[in-house]
Amino acid sequence: MFVVVLTIVSLSVCGALALIGGALAVTLRDPIYAVLALVKAMLGLAGIYFLLGAEYVGAIQVIVYAGAILVTFLFVVMLVNLSPEDIPPFPRGIALYGNLILAVAWLLLLSTALSAILEIPAPEQVLLHVEPLPYLYGTLPPLGKALFTAYAFPFELLSVTLLIGIVGASLLVQKRPSS
Amino acid sequence: MKVELLYAVLTLSGGLFSLGLLGLLLRRNLLLAFLAIELMLNAANLNFLAFSRYHNEPTGAIFVLFGICLAAVEAVIGLGLVVRLFRAHEDLGFTKLTALRW
């Protein structure tokens with residue numbers, strides 16, 4: 001029972017963090033604030049990854065996504081010097097629709113949580129049943145084993161893709177030779 | 001009985017994806033459209049992990065790791081394009097960037 005309530009509470013908190021961060025990221029006019037709101041959404045998502053038992057991926061989400069990719073976004077926002085005045089205002093009526101989608105999604109999420117909380121009486125009837133995780137689920141050993149056996153070829157292909165990304169980016173941003 | 005945790009996470013993922021889609025369609029700026037794409041990629045990753053947990057199959061996380069790597073490559077190329085376009089046009093609005101040449 002305690003685990004179930006804990007799961008519901010952390011799911012609600014992390015879900016709210018992710019949804020609010022996502023909503024702010026697509027509505028805020030200041031690009032720097034929008035990127036920071038997306039960082040918040042990524043941290044909420046990392047919390048949900050932990051909740052789902054995928055601890056390694058949660059750590060990677062914080063380190064690589066929030067720490068590296070979005071900070072690169074932040075650098076580029078400062079490099080191109082976008083100010084809020086450059087961004088056209090969000091359409092009024094549409095912003096309303098966005099809020100509506102957010103509200104409906106959040107209400108559905110909350111209703112699952114609430115129904116689980118309110119129907120406590122018999123433990124058999126608890127809606128949110130959290131099954132114990134299998135041994136070593138979400139830790140590095142099974143992932144590494146699969147990564148270097150069954151998924152070895154895609155893994156190597158991915159390193160080529162990363163190389164293409166590096167070369168492509170350095171080709172794109174270099175100064176044009178004056179012709 | 002475990003289905004409900006899956007439902008809650010899938011609902012959350014759907015909400016995030018629709019927010020990202022909304023942002024992609026409505027923001028008239030290249031950089032902010034990229035932000036919305038990142039949000040949509042993350043919603044897809046969340047789906048992978050939810051079903052991985054549902055089937056008790058830890059290797060589902062490998063697809064998320066691949067997805068994060070591809071998101072990094074996509075961000076690097078996209079941001080390179082953004083910098084290049086900004087140097088050429090001093091502007092990143094969709095309304096002004098109508099030709100795919102500089």
Side-chain angles (χ1 to χ4, degrees), chain A residues 11 15 18-19 22-23 25-26 31 34-35 38 41-42 45 48-49 52-54 56-57 60 64-65 69 72-73 76-77 79-80 82 87-88 90-91 94 98 101-102 105-106 108-109 112-113 116 127-131 134 137-138 142-143 146-147 151 154 158 161-162 165 168-169 172-173, chain B residues 1-5 7-9 11-12 14-16 18-20 22-29 31-32 34-36 38-39 42-43 45-46 49-50 52-53 56 58-62 64-66 68-77 79-84 86-87 91-93 95:
Chain A
L11 185 67
L19 278 179
V26 297
V35 176
L38 198 61
M42 296 302 144
L45 273 175
I48 293 176
Y49 290 176
L52 288 171
Y56 178 66
V57 179
I60 288 293
V64 175
Y65 236 116
I69 298 181
T72 315
F73 262 92
V76 173
V77 169
L79 191 67
V80 303
L82 279 178
I87 313 291
F90 211 76
I94 300 297
I101 291 175
L102 173 70
W106 173 231
L108 281 174
L109 187 68
T112 317
L127 269 174
L128 198 78
H129 180 69
V130 184
E131 204 157 276
Y137 182 92
L143 282 185
L147 206 56
Y151 300 97
L158 200 64
T161 314
L162 278 171
L172 273 174
V173 296
Chain B
M1 287 300 275
K2 205 174 50 166
V3 164
E4 277 73 16
L5 177 61
Y7 280 175
V9 176
T11 312
L12 174 66
L16 282 176
S18 35
L19 277 174
L22 202 74
L24 179 64
L25 293 176
L26 293 174
R27 304 221 86 168
R28 293 269 157 264
N29 188 285
L31 203 53
L32 296 173
F34 264 120
L35 272 189
E38 295 290 327
L39 197 59
N42 270 279
N45 281 350
L46 187 59
L49 282 181
S52 166
R53 175 81 173 89
N56 273 339
T59 50
I62 283 176
V64 178
L65 291 180
F66 285 1
I68 289 177
C69 261
L70 288 178
V73 174
E74 174 255 339
V76 162
I77 300 276
L79 292 176
L81 280 173
V82 164
V83 170
R84 185 78 186 244
F86 185 78
R87 271 194 203 143
D91 188 47
L92 290 174
T95 43

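Chain A is the first sequence line, chain B the second, and so forth, proteins listed ahead of strands; every chain is numbered from 1. Just so it is clear, the values below take in all heavy atoms, side chains as well, and ignore hydrogens, waters and symmetry mates.
Here the side chains of A/Leu45 and B/Leu16 are in contact, with some heavy-atom distance below 4.5 Å. Within the 4.5 Å cutoff, no side-chain heavy atoms of B/Val83 are placed close to those of A/Leu172. The closest side-chain heavy-atom distance from B/Thr59 to A/Pro142 is not below 4.5 Å. Between B/Phe86 and A/Val76 the shortest side-chain heavy-atom distance does not fall below 4.5 Å.
Heavy atoms closer than 4.5 Å to chain A are found in both the backbone and the side chain of B/Ala71. For B/Phe66, the parts lying near chain A are the backbone and the side chain together; criterion is any non-hydrogen pair under 4.5 Å. Heavy atoms of A/Leu162 lying under 4.5 Å from chain B belong to its backbone as well as its side chain. Of the atoms belonging to B/Leu35, heavy atoms from both backbone and side chain fall under 4.5 Å from chain A. For chain B, the nearby parts of A/Ala146 are the backbone and the side chain; heavy atoms of each come within less than 4.5 Å. The contact between B/Asn42 and chain A is made by backbone and side chain atoms together, counting heavy-atom distances below 4.5 Å. Neither the backbone nor the side chain of B/Glu74 comes within contact range of chain A; no heavy atom of the residue lies under 4.5 Å from a heavy atom of that chain. Using a 4.5 Å cut-off between heavy atoms, A/Leu143 touches chain B through backbone and side chain atoms alike. The contact between B/Val76 and chain A is made by backbone and side chain atoms together, counting heavy-atom distances below 4.5 Å.
Chain A forms more heavy-atom pairs under 4.5 Å with one residue of B/Asn29, B/Ile62, B/Leu24, B/Ile77 than with any other, namely B/Ile62. Ranked by heavy-atom pairs under 4.5 Å with chain A, the first of B/Gly14, B/Ser52, B/Ala36 is B/Ser52.
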side-chain contact (heavy atoms from CB on, under 4.5 Å) evaluation trace for A/Leu52 with B/Leu46: CA-CA 10 Å; A/Leu52 288 171; B/Leu46 187 59; 4.3 Å; yes

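Between B/Glu38 and A/Met42 the shortest heavy-atom distance is O-CE, 4.5 Å. Across all non-hydrogen atoms, the minimal contact from B/Ala75 to A/Phe73 is CB-CE1, 4.0 Å. In terms of heavy atoms, B/Leu12 sits closest to A/Gly15 at CD1-O, 3.7 Å.
The backbone N or O of A/Val173 sits less than 3.5 Å from a side-chain atom of B/Arg87, completing a donor-acceptor pair.
In this structure, B/Leu65 CG and A/Tyr151 OH are separated by 11.5 Å, a value rounded to the nearest 0.5 Å. With values rounded to the nearest 0.5 angstrom, B/Leu39 atom CG is found 5.5 Å from A/Leu38 atom CG.
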